[in-house]
Q: 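Here's a structure for you.
Start at 1 and go down the list; that is how both ligands and their atoms are numbered. For reference, positions follow the sequence shown, starting with 1.
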Amino acid sequence: DKVGVIGVPSCKGQSAGGVQHGPKALRQAGIIDKLTQLGVEVYDYGDLVFEQFDDDTPILGLKNPKNIGLAAKKISDQVSRVIKDDQIALTLGGDHSLSIGTIHGHAAAEKNMCLVWVDAHADINTPLTSPSGNVHGMALSFLVKELKEYIPQIPHFEWIKPCISAKDIAYIGLRDLDPGELWIVRNMGISCFTMHEVDRYGIDMVLRMSMQAINPHGDRPIHLSFDVDSLDPRISAATGTPVPGGLSVREGIYIAEELAATGKLTAVDLVEVNPLLGTKEERDLTVYAATEIARACFGKKREGNIPPGYVLP
Ligand SMILES: N[C@@H](CC/C=C/[B-](O)(O)O)C(=O)O
Ligand SMILES: [Mn+2]
Ligand SMILES: [Mn+2]
Ligand SMILES: [Mn+2]
């Protein structure tokens, strides 16, 4: 496999300072080497640089429209280029608003892609339903075709073409939805496996049902958007919006192992690591969990791995 790593030091989609240092924290934890050790051909594109615009007043309550709209375009172009170069795009965040760009870029390169969104949150508030104006909680609303009529015109967001249908999305790990989001999930027919379903069916069955729903013939490129706050705060406390009762690191790794096994994983977002939050132990554990999810996405197996060409001595 060839993997293109893109750092996205974004933070304006939410209000906790520090998430822009997520890419650096993951790099300092050796994420690149850990992938290289798996025999993966890693192309590191470094971190995207975003021009900062201070004159960026909220529109309809949506915060930082100019900074986020312009950043998303850069992200979209970069992800699209990486995938067209036959590399799996691994985007290190940064806040979850970056997924506007990664999913848009993925769809530009692979229009038949489908999406697994692993998160405590649905991130599908529209600008009119958002309780906070934070775009990391709205990312999907600009991308889902069936929501087009509910999305007001936002300056610097005009270039975003809705590129995915509700039926092509599966949520895993949800446990903190706003009313508007639940209405959308229920009425647009998005496959949704909250922590209730994870408890009821177990993670394997949830994954099987997700794939049955969005990729029944196993022929569609898969986009995994992994928000570290999907994991339980006991193992992922260094994040802006922690919610108790999350996935265990084993469940997170299982999702990654199974999606890797399909051979169709084409883009991965690893977002919302905020190294300035929590104690040093909590930060190190959060970063460790995130790097283990990444390793599992690119072939690391708990049964072990045999290097190519290995011969028993
Ligand atoms: N639903 C809340 C929380 C959003 C959380 C976004 B996150 O999942 O990317 O952390 C909001 O809209 O403000
Ligand atoms: Mn979240
Ligand atoms: Mn999120
Ligand atoms: Mn988060």
Side-chain angles (χ1 to χ4, degrees), residues 8-20 22 58-65 68 71-72 75 91-103 115-144 147 150-151 154 164 169-185 190 192-195 198 223-233 235-247 251-252 255 267-278 286 289-290 293:
V8 176
S10 63
C11 65
K12 296 185 187 303
Q14 50 86 67
S15 43
V19 68
Q20 69 275 21
I59 308 266
L60 292 171
L62 184 150
K63 296 170 187 164
N64 301 312
I68 294 173
I75 297 163
T91 303
L92 308 179
D95 74 81
H96 222 160
S97 65
L98 65 78
S99 292
I100 296 171
T102 62
I103 293 168
L115 171 63
V116 179
W117 192 280
V118 183
D119 202 319
H121 313 91
D123 296 357
I124 200 165
N125 273 302
T126 73
L128 303 179
T129 68
S130 170
S132 63
N134 293 330
V135 180
H136 74 158
M138 305 182 213
L140 278 177
S141 78
F142 303 106
L143 300 168
V144 174
L147 281 176
Y150 297 94
I151 306 297
I154 301 286
I164 192 164
I169 302 170
Y171 281 125
I172 300 178
L174 300 194
R175 53 190 184 278
D176 181 9
L177 278 74
D178 299 314
E181 294 182 305
L182 183 56
W183 191 96
I184 289 167
V185 168
I190 300 177
C192 178
F193 301 97
T194 72
M195 288 309 296
V198 172
H223 189 119
L224 169 63
S225 200
F226 197 98
D227 185 328
V228 295
D229 72 28
S230 61
L231 299 171
D232 191 279
I235 49 162
S236 185
T239 189
T241 49
V243 184
L247 297 169
E251 288 166 329
I255 292 169
V268 177
D269 310 329
L270 193 52
V271 301
E272 298 275 357
V273 169
N274 185 332
L276 300 194
L277 296 179
T286 303
I293 299 289

Q: Looking at D227, which atoms of ligand 1 are within less than 4.0 Å of one of its heavy atoms?
A: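 Contacts of ligand 1 toward D227, numbered from 1: 7 (B), 8 (O), 9 (O), 10 (O).
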Q: Closer than 4.0 Å to some heavy atom of D178 - which atoms of ligand 1 meet that?
A: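 Within the 4.0 Å cut-off of D178, ligand 1 contributes 1 (N), 2 (C), 11 (C), 12 (O).
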Q: CH2/W183 to OG1/T126 distance, rounded to the nearest 0.5 angstrom?
A: 10.5 Å
Q: Does P131 have a heavy atom less than 4.0 Å from any atom of ligand 1?
A: yes
Q: Please find out if the Mn ion (ligand 2) and some N, O or S atom of D229 are separated by less than 2.8 Å.
A: yes
Q: Keeping N274 on the side-chain end and G240 on the backbone end, is there a donor-acceptor pair under 3.5 Å?
A: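 Checked: no pair found.
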Q: Got N64 and V135 here, is their nearest side-chain heavy-atom distance under 4.5 Å?
A: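 SC-SC contact between N64 and V135 ruled out.
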Q: Under the 3.5 angstrom rule, does the side chain of T286 hit a backbone N or O of A237 as a donor-acceptor pair?
A: yes
Q: Would the distance check show the side chain of T239 and the main-chain N or O of E272 forming a donor-acceptor pair, the cut-off being under 3.5 Å?
A: yes
Q: Tell me, which N, O or S atom in D227 is closest to the Mn ion (ligand 3)?
A: OD2
Q: Under 2.8 Å from the Mn ion (ligand 3) - does any N, O or S atom of D123 fall there?
A: yes
Q: If we ignore hydrogens and angles and just use 3.5 Å, is the side chain of S130 paired with the main-chain N or O of P127 as donor and acceptor?
A: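 Side chain of S130 to backbone of P127, a donor-acceptor pair under 3.5 Å: no, none is there.
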Q: Would N134 count as a contact residue for ligand 1, given that I'm defining contact as a non-hydrogen atom of the residue lying under 4.0 Å from a ligand atom?
A: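 Under 4.0 Å: no for N134.
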Q: Can you tell me if H96 has an N, O or S atom under 2.8 Å away from the Mn ion (ligand 3)?
A: yes
Q: Could you tell me which atoms of ligand 1, counted from 1 in the order shown, lie closer than 4.0 angstrom to a heavy atom of S132?
A: 11 (C), 12 (O), 13 (O)
Q: Do H96 and S225 pair up side chain to side chain, a donor and an acceptor below 3.5 Å, judged on atom types alone?
A: yes
Q: Examine the proximity of ligand 1 to Q14 and report which part, side chain or backbone, both or neither, has a heavy atom under 4.0 Å away.
A: neither
Q: Look at D119 and state whether any of its N, O or S atoms is less than 2.8 Å from the Mn ion (ligand 2).
A: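 A backbone or side-chain N, O or S atom of D119 is under 2.8 Å from the Mn ion (ligand 2).
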Q: Under 4.0 Å from a heavy atom of T241: which atoms of ligand 1 are those, numbered in the order shown and with their elements?
A: 10 (O)
Q: Are the side chain of D95 and the backbone N or O of G13 linked by a donor-acceptor pair below 3.5 Å?
A: yes
Q: Can a donor-acceptor pair be found, under 3.5 Å and without considering hydrogens, that links the side chain of Q20 to the backbone of G18?
A: yes
Q: Is E272 close enough that one of its N/O/S atoms sits under 2.8 Å from the Mn ion (ligand 3)?
A: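 No, since none of the N, O or S atoms of E272 sits under 2.8 Å from the Mn ion (ligand 3).
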Q: Do Y171 and L177 have side chains that get closer than 4.5 Å, going by heavy atoms?
A: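 A side-chain contact is absent here, since even the closest heavy-atom pair is not under 4.5 Å.
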Q: Is there a donor-acceptor pair under 3.5 Å between the side chain of T129 and the backbone N or O of G180?
A: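 No, the answer is negative, given that no donor and acceptor are paired below the 3.5 Å cut-off.
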Q: Does the shortest distance from the Mn ion (ligand 2) to an N/O/S atom of D176 fall below 2.8 Å?
A: no
Q: At a 4.0 Å threshold, what atoms of ligand 1 neighbour a non-hydrogen atom of N125?
A: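 So the answer, numbered in order with elements, is 1 (N), 12 (O).
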Q: Look at H121 and state whether any of its N, O or S atoms is less than 2.8 Å from the Mn ion (ligand 2).
A: yes
Q: Under 3.5 Å, N or O to N or O, is D176 touching ligand 1 that way?
A: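 No; every N/O pair is 3.5 Å or more apart.
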Q: For H96, counting its heavy atoms only, list the atoms of ligand 1 lying under 4.0 Å from any of them.
A: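 Those qualifying, in numeric order: 9 (O).
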Q: Do H121 and D123 have a side chain donor and acceptor closer than 3.5 Å?
A: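 The criterion, which ignores hydrogens and geometry beyond distance, is not satisfied for D123 and H121.
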Q: For ligand 1, which atoms, with element, lie under 4.0 Å from some heavy atom of D123?
A: 5 (C), 6 (C), 7 (B), 8 (O), 9 (O)
Q: Check each atom of ligand 1 against the heavy atoms of D119 and keep those under 4.0 Å away; list them by number with element.
A: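 That gives atoms 8 (O) of ligand 1.
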